[in-house]
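In each ligand, atom 1 is the first atom listed, and ligand 1 is the first ligand listed. Note that the structure is a prediction, hence the values are computed from the model and not measured.
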Amino acid sequence: MDPPIQTRSPSLPEATPAAALRIVERPITWNAERRRLSLEYLSLRHGLTREEPVIAPVMVVLHATESATLSSAFHTFDPVRMPAGERPFLAKASPLNVSAHFLVDRDGTLVRLLPETTFARHTVGLNWCAIGVENVGGTPKAPLNEAQARANAALIRHLAGRFPIRHVVGHHEYLAYRKTQLWKETSPTYFTYKSDPGAKFMKQVRALLVDLSLEPVPSP
Ligand SMILES: [Zn+2]
């Protein structure tokens, strides 16, 4: 395992070179069933027939776990199927469990759960083209912090160097994409209202990424 990224140093430049980015590998379970359920989700929910559950990312969606620790977040995403009785509205849409590509710990440590081009269920309508980044915390007791904002920005900069990322979106903003070509969801009634990670955090992250000239979030 790589040592964690040092994001708290005040000398860390905003434009962290991709080569300097340290990412801890802690993969969630990926097996034949997760592959099959991911293909099924792509077909049933996004209306996309794929040979493999892969994505060509053009977007990064930032989230907050609203859980206290990285370990509890990891164990939320690790099971292949949504645990029985949990999130019934989501479970009815697909038995595939939610996940993300990255977790960002409270100190800014970046943890990769899945390869960036593997399908993950984290944002209705947009999973087919979006890398998901979950930040540990986002509760009144554990609000998202500056180390996390800097780590998110460094990660997005790194990803934008590898993929044609044009959109950086807070999960609470995602419904603005319903009227765009990026939105792919077969049911007009399948969506939920989200508040994570919040406007303050997105403002912090975007302030570190101005030079990337990302597309603005569509107006509602
Ligand atoms: Zn979210």
Side-chain angles (χ1 to χ4, degrees), residues 26 28 38 41-42 45-46 55 57-79 81-83 86-106 108-114 116 118-145 148-149 151-153 155-156 159 165 167-178 180 182-185 187 190-206 209 214 217-218 220:
R26 190 175 173 188
I28 55 171
S38 297
Y41 190 106
L42 275 159
R45 299 260 54 93
H46 294 309
I55 67 169
V58 298
M59 174 183 280
V60 178
V61 181
L62 306 186
H63 303 260
T65 64
E66 294 169 12
S67 63
T69 65
L70 184 129
S71 178
S72 65
F74 180 90
H75 290 292
T76 297
F77 301 140
D78 187 45
R81 286 179 169 268
M82 194 137 342
E86 281 186 25
R87 309 188 196 212
F89 183 69
L90 297 190
K92 196 175 162 210
S94 163
L96 175 66
N97 194 17
V98 294
S99 68
H101 298 88
F102 292 92
L103 269 174
V104 184
D105 206 350
R106 304 286 303 154
T109 301
L110 293 167
V111 177
R112 192 168 78 147
L113 306 178
L114 285 172
E116 292 86 342
T118 296
F119 180 85
R121 180 185 190 182
H122 58 92
T123 306
V124 170
L126 299 170
N127 298 306
W128 71 278
C129 68
I131 292 170
V133 180
E134 286 274 1
N135 288 274
V136 176
T139 61
K141 273 190 175 173
L144 301 185
N145 61 45
Q148 290 175 307
N152 278 251
L155 175 60
I156 292 163
L159 294 171
I165 302 296
H167 309 269
V168 172
V169 182
H171 199 187
H172 65 283
E173 302 168 322
Y174 86 111
L175 290 175
Y177 290 84
R178 270 203 294 178
T180 72
L182 289 172
W183 186 267
K184 293 190 190 296
E185 166 51 49
S187 167
Y190 178 55
F191 62 88
T192 56
Y193 294 99
K194 299 305 243 182
S195 58
D196 69 302
K200 183 184 169 199
F201 188 70
M202 291 309 298
K203 196 175 170 189
Q204 280 180 291
V205 173
R206 286 183 173 126
L209 297 172
L214 298 162
V217 176

- For V61, which of H171, K194, E173 qualifies under side chain to side chain contact (heavy atoms under 4.5 Å, CB included)?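 Testing each of H171, K194, E173 against V61, the sole residue satisfying side chain to side chain contact (heavy atoms under 4.5 Å, CB included) is H171.
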Taking 2.8 Å as the cut-off, does an N/O/S atom of [X] lie below it from the Zn ion (ligand 1)?
X	value
H171	yes
H63	yes
D196	yes

Requested in this report: Determine the interplanar angle of the Y193 and F191 rings, folded into 0 to 90°, and report it as parallel if under 30°, tilted if 30 to 60°, perpendicular if over 60°.
Outcome: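 Aromatic pair Y193/F191 classed perpendicular.
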For this session: Just say parallel, tilted or perpendicular for the rings of H122 and H101, cut-offs at 30° and 60°.
Result: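 Rings of H122 and H101: perpendicular, as their planes differ by over 60°.
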Find out whether W183 and V124 are in side-chain contact, i.e. whether some heavy atom of one side chain is under 4.5 Å from a heavy atom of the other.
->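 Side chain of W183 against side chain of V124, heavy atoms only: contact under 4.5 Å found.
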